[in-house]
Amino acid sequence: GHVFAGPGSATDALLTEAGITAAQVPGSLAGLSMNGKLLLKGRIETYPFRIPMPLSSRIALVRAGIKVGGQVLRYASIVRRRRGEDPAVRQQRVYDFENGRSFRDFLGDLPEDAEALFHPTVTRSAADPHEISAGAGIGYFSLVWNIGQGLSRGIVGGPSTLTQGIAAALGDRVQLDAEVVEIVHTKHSVVVRYQQDGVDSEVEGRYVVLATPATVSHRIAVDLPQDIREALGKVIYGPYVSAAFLTNESTPQPWDAAYAIATPKRSFNVLLNQASLVRGGESARQPGSSIMTFSPAGLARTLLDKSDDEIVRIYTDDLNQVLGSSFGGSVVESQVQRWETGAPYCFPGRGALQPTLTRGGSRVLLAGDYLGTLYTETAIQTGFSAAQEAASLLATERQQSTVR
């Protein structure tokens, strides 16, 4: 996670409980670089008229934009919270919206430049337009076009500040390098079998909150109800490749005013200025920046098997063209990361899995970002829900024991 939900969200509740500070990202979230033009200011709807492209592409882009815009208005109504509504009901409604076809089928055939402009927004999902559902693709445009209404806060000190803070509070209750091999039910409990330091061990509990990716949950929760295990096996993940670049420039740079810059037709589809929170609090521009590049879905698949050096070279060549030819000379450190299972995405038909995944009825309580459409917010919200359910079930068991 790099941007997070705001007040009233499960994320905000967790940050408050953990004593972690988050702030509104000050830089522009909607920069664009395409066909030699870098746009960091102005309304998004003006971009089709400011980016160099053939007239045919411009006309097609405007028509497609109007089509998407109309559906974004429908999506806003679908996603709106309703008084007293269970979050699970709202999430099901979001999944069911335009879930019968792909975003590519919804959009139709477009000229190259027009189609390229839609890619960065949609593919951040870890899926290409022909893989993601139309409703999910429309949802991403709703998120981008309603800046400030979605995920727009950054954690002061960086995202790892949150996980480190939680780990410090939990102390020895957090066990690292312990690989869970199997989770099985007994009559009144759950047994978790794991390996640590080459030793087979197990621990028994009344309930287990299973917050691993769906692919892992499907593999280790061996005696979940069969339909739930099958549903876990049908959740689809797309890949990510990313790199971070630490620089040492000492003068103001064009990207200082931006947080995110979409980069169609490049090896990455967006670059993120991770120093944005720092820039926003400076009285004088300090040296250095932290730039992250992000390649999801098909872009990632072309990079996964390349060496770190090859990926850095490819990224640096593109960064020089987007940010200026001197960028590469200012890089003092770079790191590459690959995730073959980067994130779960909403494919056509995904909505049909949700009732099974959220049905419950087991001592293994599922949590994770694959149970919704808001990334870290979904992960945190489902974690809270699982913990609350476990507490409620334990209280019920104690009451029944007292009665007996």
Side-chain angles (χ1 to χ4, degrees), residues 1-5 68 71-72 75 78-79 88 90-107 115-116 118-145 150-151 211-218 230-242 260 262 264 268-270 272 294-304 337-358 366-382:
H2 62 100
V3 283
F4 300 85
V68 172
Q71 291 301 305
V72 165
Y75 181 86
I78 293 291
V79 77
R90 173 174 175 256
Q91 183 62 76
Q92 184 68 60
R93 188 168 64 248
V94 173
Y95 268 131
D96 289 341
F97 174 64
E98 281 284 352
N99 194 228
R101 55 177 170 168
S102 71
F103 186 77
R104 178 71 174 77
D105 289 338
F106 159 74
L107 206 57
E115 184 174 358
F118 283 99
H119 269 250
T121 298
V122 173
T123 58
R124 67 176 62 187
S125 64
D128 287 320
H130 70 280
E131 297 171 313
I132 191 174
S133 75
I138 292 163
Y140 281 106
F141 281 95
S142 176
L143 189 67
V144 170
W145 291 352
L151 310 176
T212 49
T215 50
V216 177
S217 299
H218 171 264
E230 289 177 357
L232 286 168
K234 292 177 181 177
V235 175
I236 302 177
Y237 285 72
Y240 290 150
V241 172
S242 188
F268 47 87
N269 75 359
V270 67
L272 302 170
F294 178 67
S295 303
L299 292 176
R301 293 184 189 100
T302 66
L303 297 170
L304 282 171
Q337 292 284 352
R338 302 166 179 79
W339 292 275
E340 292 191 23
T341 51
Y345 62 84
C346 180
F347 52 89
R350 168 63 180 83
L353 300 180
Q354 194 69 359
T356 302
L357 290 171
T358 57
L366 301 178
D369 58 358
Y370 65 89
L371 292 172
T373 53
L374 288 175
Y375 297 109
T376 49
E377 172 64 9
T378 295
I380 293 167
Q381 184 269 314
T382 57

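What you are looking at is a predicted structure, and each value in this text was computed from that prediction instead of being measured.
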Next on the checklist: For Ala134 versus Phe106, what's the shortest heavy-atom pair and its separation?
Outcome noted: CB-CB, 3.7 Å
Item to check | CD on Gln71 to CD1 on Ile138, rounded to 0.5 Å | outcome: 4.5 Å
Next on the checklist: Would the distance check show the side chain of Ser217 and the main-chain N or O of Thr212 forming a donor-acceptor pair, the cut-off being under 3.5 Å?
Outcome noted: yes
Checklist entry - Less than 4.5 Å apart, any side-chain heavy atom of Ile236 and any of Pro344? => result no
Next on the checklist: Let me confirm one number: the CG-OG1 distance from Asp369 to Thr382, rounded to the nearest 0.5 Å.
Outcome noted: 8.0 Å
Item to check | Residues which pass ring-ring contact (aromatic ring centres under 6.0 Å, His included) with Phe347, listed by chain and number, not counting sequence neighbours | outcome: none
Checklist entry - Shortest non-hydrogen contact from Pro264 to Ala116? => result CB-O, 3.4 Å
Next on the checklist: Please check if the number of heavy atoms outside Glu340 that lie under 6.0 Å from its CD is greater than 12.
Outcome noted: no
Next on the checklist: Using 30° and 60° as the class boundaries, would you call the ring planes of Phe118 and Phe141 parallel, tilted or perpendicular?
Outcome noted: perpendicular
Item to check | Leu232/Leu366 under side-chain contact (heavy atoms from CB on, under 4.5 Å): CA gap, chis, key distance, verdict | outcome: CA-CA 10 Å; Leu232 286 168; Leu366 301 178; 4.2 Å; yes
Checklist entry - Ignoring hydrogens and geometry, is there a side-chain-to-backbone donor-acceptor pair from Gln337 to Val241 under 3.5 Å? => result no
Checklist entry - Which value, rounded to the nearest 0.5 Å, describes the distance between Ile132 atom CD1 and Ser125 atom OG? => result 3.5 Å
Checklist entry - Where do Ile380 and Thr378 land on the side-chain contact (heavy atoms from CB on, under 4.5 Å) test, with the steps shown first? => result CA-CA 5 Å; Ile380 293 167; Thr378 295; over 6 Å; no
Next on the checklist: Show the nearest heavy-atom pair for residues Tyr75 and Gly139, with the distance to one decimal.
Outcome noted: CZ-CA, 3.5 Å
Item to check | Gln91 side, atom CD; Leu357 side, atom CG - distance, nearest 0.5 Å | outcome: 11.0 Å
Checklist entry - Where does the angle between the aromatic ring planes of Tyr240 and Trp339 fall among parallel (under 30°), tilted (30 to 60°) and perpendicular (over 60°)? => result perpendicular
Checklist outcome for this item: Sorted by chain and number, sequence neighbours left out, ring-ring contact (aromatic ring centres under 6.0 Å, His included) with Tyr237 holds for none
Next on the checklist: Would the distance check show the side chain of Arg104 and the main-chain N or O of Pro129 forming a donor-acceptor pair, the cut-off being under 3.5 Å?
Outcome noted: no
Checklist entry - Would a 4.5 Å heavy-atom cut-off, applied to side chains only, mark Val68 and Leu107 as touching? => result yes
Checklist outcome for this item: Sorted by chain and residue number, the side chain to side chain contact (heavy atoms under 4.5 Å, CB included) partners of Asp96 (sequence neighbours excluded) come out as Gln92
Item to check | With Tyr370 via ring-ring contact (aromatic ring centres under 6.0 Å, His included) - residues at least two apart | outcome: none
Item to check | Pairwise distance OG(Ser295) to CZ(Arg338) - rounded to 0.5 angstrom | outcome: 11.5 Å
Checklist entry - Within 45° of the ring axis of Tyr95 and under 6.0 Å from its six-membered ring centre, is that where the NZ or CZ of Arg350 lies? => result yes
Next on the checklist: Testing the basics here: between Ala126 and Pro296, what is the closest heavy-atom pair and its distance to 0.1 Å?
Outcome noted: CA-CB, 4.1 Å
Next on the checklist: Using side-chain contact (heavy atoms from CB on, under 4.5 Å), reason through Arg124 and Phe294 one step at a time and then give a plain yes or no.
Outcome noted: CA-CA 8 Å; Arg124 67 176 62 187; Phe294 178 67; 4.2 Å; yes
Next on the checklist: According to ring-ring contact (aromatic ring centres under 6.0 Å, His included), who are the partners of Phe268, at least two apart in sequence or on a separate chain?
Outcome noted: Tyr315
Item to check | Considering all heavy atoms, the nearest Val94-Val79 contact | outcome: CG2-CG2, 3.8 Å
Checklist outcome for this item: Sorted by chain and residue number, the side chain to side chain contact (heavy atoms under 4.5 Å, CB included) partners of Asp128 (sequence neighbours excluded) come out as Thr123, His130, Glu131, Ala297, Arg301
Next on the checklist: Rounded to the nearest 0.5 Å, what separates atom CG in Leu299 from atom CG in Leu304?
Outcome noted: 11.0 Å
Item to check | Closest non-hydrogen atom pair, Ala231 against Leu353 | outcome: O-CD1, 4.0 Å
